[in-house]
Structure formats: structure tokens, C-alpha cells
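Notes follow the structure.
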Amino acid sequence: MTDIGLVVERLRAAGCVFAEEEARLLADAAADAEGLESLVSRRVSGVPLEHLLGWVEFGGLRVVVEPGVFVPRRRTEFLAESAAALAGAGSVVVDLCCGAGAIAAVVAARVPGVRVFAADVDPVAVRCARQTLAGAGAEVWEGDFDAALPEELAGRVDVLVANVPYVPSAAVRWMPPEAREHEPLAALDGGRDGLAMVRRLLGVAPRWLAGGGRVLFEVGVSQVDAAVRAAEAAGLVPEVRSCAERDATVVSALSP
């Protein structure tokens with residue numbers, strides 16, 4: 001199959017909203033007509049485009065994503081930008097639950113002299129993050145939540161950012177099949193009200209943050225009030241920032 005028009009038609013029929021762009025990307029990724037047919041067939045069957053390409057564009061960067069790894073969403077660029085805006089030369093920034101390392105990569109690229117650390121429990125995600133962050137001077141660790149962080153960072157982190165899952169358990173089944181069937185459930189399911197991992201993050205944040213440091217995370221609009229209360233209960237001072245263009249809401253909580 002070499003007719004790009006036929007590729008577009010097949011992708012559009014399968015429900016791909018950006019069929020023309022996807023067809024171009026798949027054609028560029030394929031070594032030959034047979035390879036393109038394989039990629040298109042897998043895409044039509046529901047495999048995420050990013051897993052087929054092996055990368056996703058995020059914050060103007062290419063982030064490596066292998067099959068089975070959570071694909072960073074465009075809305076989370078606002079979280080990454082918010083973290084970068086709080087950092088400067090010499091700042092210590094930790095991307096916890098880093099997944100493929102997208103947020104860490106944006107911070108490292110935008111803030112000269114920043115010290116970036118990232119951690120995740122998924123060994124495949126850690127492998128992706130290390131590839132994405134190669135040459136950026138960042139360190140990537142594998143381990144469960146903050147247990148992956150070296151003790152020497154306790155009380156020294158200026159920005160602790162984490163794109164933890166915040167979809168309520170009962171709502172996961174309504175997510176697109178691409179996510180439900182091809183991404184790890186642990187990266188999607190935020191517990192009964194969607195804030196289980198947010199509370200876990202807020203519970204450990206005071207141990208790692210320096211005075212005046214901040215912990216940042218993303219939530220849904222309906223979860224803002226509960227997230228703010230959770231931050232206050234952890235002894236932090238929260239503020240809420242939104243980006244209408246990306247339909248994104250970020251809570252940034254200050255360590256006094």
C-alpha cells in the first residue's frame with residue numbers, strides 16, 4: 001500500500017480525527033510499503049499512534065514511548081511549563097512518577113543550569129526516560145514512588161512535580177480504548193475519587209521540599225476544592241492555575 005490517500009481513508013474510517021497528519025507520520029516511519037501496511041493495520045486496530053512511532057511530541061521535544069508506556073498528554077505541557085517557570089540555575093527539580101520523562105525533559109531544556117532528577121516504578125518507562133533525557137544531565141532512578149529518591153535530596157528539592165493519575169476508578173472504563181487497552185492501569189486510575197495518588201504525593205512532599213519549595217500536580221476542575229484541602233492538611237499553601245487553551249488545571253503548593 002503506497003497511496004497516502006487510501007491510508008487517510010482507512011484511518012478516518014477507523015475514527016482517527018487527525019487522519020491526514022497520522023498518515024504522513026506513519027508513512028515517514030515506514031521503511032517500505034509492507035511496513036506501512038503493518039503500521040496502518042495496527043493503528044486501525046487501536047494501537048496508539050505514539051507507540052507505533054516510538055515517540056510523542058511534548059513541549060516541542062520528542063519523548064520516547066515504548067509499547068505499554070503511558071503517553072504524555074498535551075494538556076500536561078502546562079504542568080511542565082509551570083514547573084520550569086519556578087526553577088532557575090542551580091534549582092533542584094524532581095519529576096516523580098516521571099513515566100517517559102516528558103516533564104523532566106521540558107524543564108531540563110528550558111532552564112539552563114537546573115539540576116533535574118526523575119523516578120518511576122515502571123522499568124520500561126524508566127528506560128524511555130533515560131533515552132529521552134540522555135545528554136540533558138538528568139538522573140533517572142527506578143523505584144516505588146519517592147522510595148526511588150536518594151536520601152541526600154531530603155529537604156533540598158525546590159520543585160517537586162508529578163503527573164500522578166487522577167481519573168476516578170469508576171470513570172476509567174469510559175476512557176478511550178487506546179488508553180484502557182494499551183497503557184498501564186496504574187498510570188490512569190486515581191482511586192475512588194481520583195485523588196488517592198495526589199494525597200500520597202502531598203503526604204511525602206514536606207519531607208523532600210526545601211523551605212519555599214513547591215509541589216505541583218494536575219487535577220480535574222471538579223477535584224480542585226478537595227485537592228486544595230488535601231494540600232492544606234499537609235501543611236502546604238496551595239494555589240490553583242489554569243490554562244483554558246489546554247483545558248488543564250494545576251495545583252501548586254508552597255512549603256512554608
Side-chain angles (χ1 to χ4, degrees), residues 1-80 97-103 105-106 120-134 163-190 194 218 220 243 245-248:
M1 179 180 58
T2 57
D3 188 332
I4 199 69
L6 292 177
V7 174
V8 171
E9 289 179 11
R10 289 179 63 185
L11 294 174
R12 187 177 291 123
C16 298
V17 177
F18 303 103
E20 291 83 358
E21 180 182 358
E22 291 198 14
R24 177 181 57 78
L25 290 170
L26 291 173
D28 289 345
D32 50 33
E34 183 178 350
L36 178 58
E37 171 60 33
S38 176
L39 289 173
V40 173
S41 295
R42 293 172 64 195
R43 180 68 183 118
V44 168
S45 74
V47 178
L49 174 69
E50 297 82 3
H51 287 166
L52 295 174
L53 299 176
W55 58 271
V56 60
E57 182 180 344
F58 184 90
L61 305 172
R62 280 196 177 188
V63 175
V64 176
V65 284
E66 295 184 25
V69 171
F70 178 80
V71 177
R73 287 14 176 198
R74 286 293 176 88
R75 72 166 62 90
T76 305
E77 290 177 341
F78 182 59
L79 178 60
C97 303
C98 70
I103 295 175
V106 168
D120 200 279
V121 69
D122 182 354
V124 181
V126 167
R127 183 167 65 234
C128 291
R130 285 175 174 156
Q131 291 180 65
T132 295
L133 291 164
N163 184 28
V164 293
Y166 56 92
V167 177
S169 298
V172 170
R173 61 178 175 171
W174 303 114
M175 295 184 71
E178 287 186 15
R180 289 187 286 105
E181 298 174 7
H182 297 278
E183 295 179 319
L185 180 62
L188 306 174
D189 190 342
E218 188 176 282
C243 176
E245 179 183 357
R246 295 189 180 93
D247 189 26

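- Ser45 places a side-chain N or O within 3.5 Å of a backbone atom of Arg42 that can act as its donor or acceptor partner.
- Glu50 has its side chain out of reach of Glu57: every pair of non-hydrogen atoms, C-beta onward, lies at least 4.5 Å apart.
- Taking both residues in full, the closest heavy atoms of Ala102 and Pro72 are given as CB-CG, 3.7 Å, listed atom of the first, atom of the second, then distance.
- Taking CZ of Arg74 as the start and CG of Asp247 as the end, the distance is 14.5 Å to the nearest 0.5 Å.
- Taking each heavy atom of Ala125 and Asp120 in turn, the nearest pair found is CB-OD1, 4.1 Å.
- Closest of all the heavy-atom pairs between Gly59 and Val106 is CA-CG2, 4.2 Å.
- Taking CZ of Arg10 as the reference point, atom SG of Cys16 lies at 11.0 Å (rounded to 0.5 Å).
- In the model, Glu34 has no side-chain atom that pairs as donor or acceptor with a side-chain atom of Ser38 under 3.5 Å.
- In this structure, the separation between CG on Asp122 and SG on Cys98 is 9.5 Å, given to the nearest 0.5 Å.
- In terms of heavy-atom proximity, Gly35 sits nearest to Ala30 at C-CB, 3.9 Å.
- The side-chain heavy atoms of Ile4 and Arg24, taken from C-beta on, include no pair separated by under 4.5 Å.
- Remark: Arg73 CZ to Phe58 CZ distance equals 11.0 Å, nearest 0.5 Å.
- Between atom CZ of residue Arg246 and atom CD of residue Glu77 there is a gap of 5.0 Å, rounded to the nearest 0.5 Å.
- Within the model, atoms CG of Asn163 and CG of Leu79 stand 6.0 Å from one another, a figure rounded to the nearest 0.5 Å.
- Between the side chain of Glu183 and the backbone N or O of Val71, at least one donor-acceptor pair lies under 3.5 Å.
- The minimum heavy-atom distance linking Ala19 with Leu11 is given by the pair O-CD1, 3.6 Å.
- Inter-residue side-chain proximity for Leu188 and Phe70 is flagged as met; some heavy-atom pair is nearer than 4.5 Å.
- The main-chain N or O of Ala248 is never found under 3.5 Å from a side-chain atom of Arg75 such that the two would form a donor-acceptor pair.
- With hydrogens and angles disregarded, no donor-acceptor distance shorter than 3.5 Å links the side chain of Ser169 to the backbone of Asp189.
- Closest non-hydrogen pair, Ala129 versus Gly99, comes out as CB-O, 3.7 Å.
- Taking 4.0 Å as the cut-off between side-chain N and carboxylate O, Glu178 and Arg43 count as a salt-bridged pair.
- Counting only heavy atoms from C-beta outward, the side chains of Leu53 and Leu26 approach each other to under 4.5 Å.
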